[in-house]
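Remarks on the structure that follows.
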Amino acid sequence: MERALGAYHPLVSFTYFVVVIGTSMLCMHPIFVVISLISGTLYSFIINREKTKQILKFSSLMIILITLANVIFVNRGVTVLFYLRGNPITLESFLYGILSGLMMACVIVWFSCYNEIVTSDKFLYIFGKTLPSIALMASMTLGLIPKLINQTKVIASTQKTIGIDYEEGTIIKKIKSSMRILSIVVTWALEDAVQTADSMKARGYGIKGRTNFTIFIFIKRDIIMLGFIWIVAVFLGSAYSNGYCQLLFYPTIQSIRLDTLSTILYLSFFIITIIPIVLELWEGYKWKY
């Protein structure tokens, strides 16, 4: 099913995710992180509900681990909560750890949305002419993990039909069965990579002067959307360079700015993160009514 954002030109959707993911990675600020996480999670739920549940479970565990690691190994900060074996546990390190974990969760959620919208053919279309080898390698790498997971399931099911089940028997038998499946998967992956490379070479991929057929056409709505994304990106970049997208935690927690410029900045980021959600809701409304 083609999503509303995916219906735009590949350059538009790719630029959108670069801006949103880049901002989510660079801005260590509670308001930016909360906006990014809520919007990304809602959009991910719209795209794939079951996958989002798995991502949230993994992200919750990651947030806990990052918070604990930061609290234990970073003793900076002036507000001491208690002492653990002589090491001070500070409020600043605790809050910074939570924010770092939430930021990582934001990036994971948005990357899952990116994988659903910017498919390998769109990625190849964007970079195939300028960086053909790198574009092909990146496209194959991004698509390798889901292909390996699916192929592993197929091979494991096939092995069960001949009496080789990695979930049954002694530990030695389970290890042997798992190694057999791993060997088959690795062999399949190598053969698939060679076949893909030979196929692309036979079609003249990367040859200078080769023409390409494409179904992607840059229309008026793409220009408007891309222009809006670039305006917000320049505004966010300028604010970041002037320190508006960062919040200091050490040695004391800095107060959050709520002046006019900061409010406009938060609102701009909120608007750009909810664009795909609004587009999906609007498409659903048009389909229904």
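Along the sequence shown, the residues carry numbers beginning at 1.
- In this structure, W110 and F17 have perpendicular ring planes: the angle between them is above 60°, well past the 30° mark.
- A distance of 13.0 Å separates OH of Y114 from CD1 of I47, quoted to the nearest 0.5 Å.
- Across all non-hydrogen atoms, the minimal contact from L247 to S255 is CD1-O, 3.8 Å.
- Two rings, from Y250 and Y96, have their centers less than 6.0 Å apart.
- In summary, of the residues considered (C245, S39, C27, S36), a side-chain contact (heavy atoms from CB on, under 4.5 Å) with F269 occurs for S36 alone.
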Taking it one step at a time, do L261 and L265 satisfy side-chain contact (heavy atoms from CB on, under 4.5 Å)?
-> CA-CA 6 Å; L261 181 59; L265 181 64; 5.7 Å; no
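- Transitive grouping of hydrophobic side chains (ILVMFWY, heavy atoms separated by less than 4.5 Å) keeps L95 and L65 in distinct clusters.
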Please report, to 0.1 Å, the donor-acceptor pairs under 3.5 Å made by any side chain of residues 223-232, with sequence neighbours excluded.
none

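- Here the CD1 atom belonging to I155 is positioned 8.5 Å from the OG1 atom belonging to T187, to the nearest 0.5 angstrom.
- V33 and L26 fall into different hydrophobic clusters, where Ile, Leu, Val, Met, Phe, Trp and Tyr side chains are chained together by heavy-atom contacts under 4.5 Å.
- Ring planes of H29 and Y266: tilted class, angle from 30 to 60°.
- Using cut-offs of 30° and 60° on the angle between ring planes, the pair F218 and H9 is perpendicular.
- When ring centroids are compared, Y289 and Y285 come within the 6.0 Å threshold.
- Between L11 atom CG and Y16 atom OH the span is 15.5 Å, to the nearest 0.5 Å.
- Of the possible polar contacts, one joining the T52 side chain to the S44 backbone as a donor-acceptor pair under 3.5 Å is found.
- The structure places CD1 of I253 at 11.0 Å from CG of L248, a figure rounded to the nearest 0.5 Å.
- Between F14 atom CZ and K122 atom NZ the span is 13.0 Å, to the nearest 0.5 Å.
- For the atom pair CD1 (I89) and CG (L81), the distance works out to 8.0 Å, reported to the nearest 0.5 Å.
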Give the C-alpha distance, both sets of side-chain angles, the deciding distance and a yes or no for side-chain contact (heavy atoms from CB on, under 4.5 Å) between T90 and R76.
-> CA-CA 7 Å; T90 63; R76 299 171 62 188; 5.8 Å; no
Evaluate the criterion side-chain contact (heavy atoms from CB on, under 4.5 Å) for residue pair R221 and V12; output intermediate values, then yes/no.
-> CA-CA 10 Å; R221 69 169 187 175; V12 176; over 6 Å; no
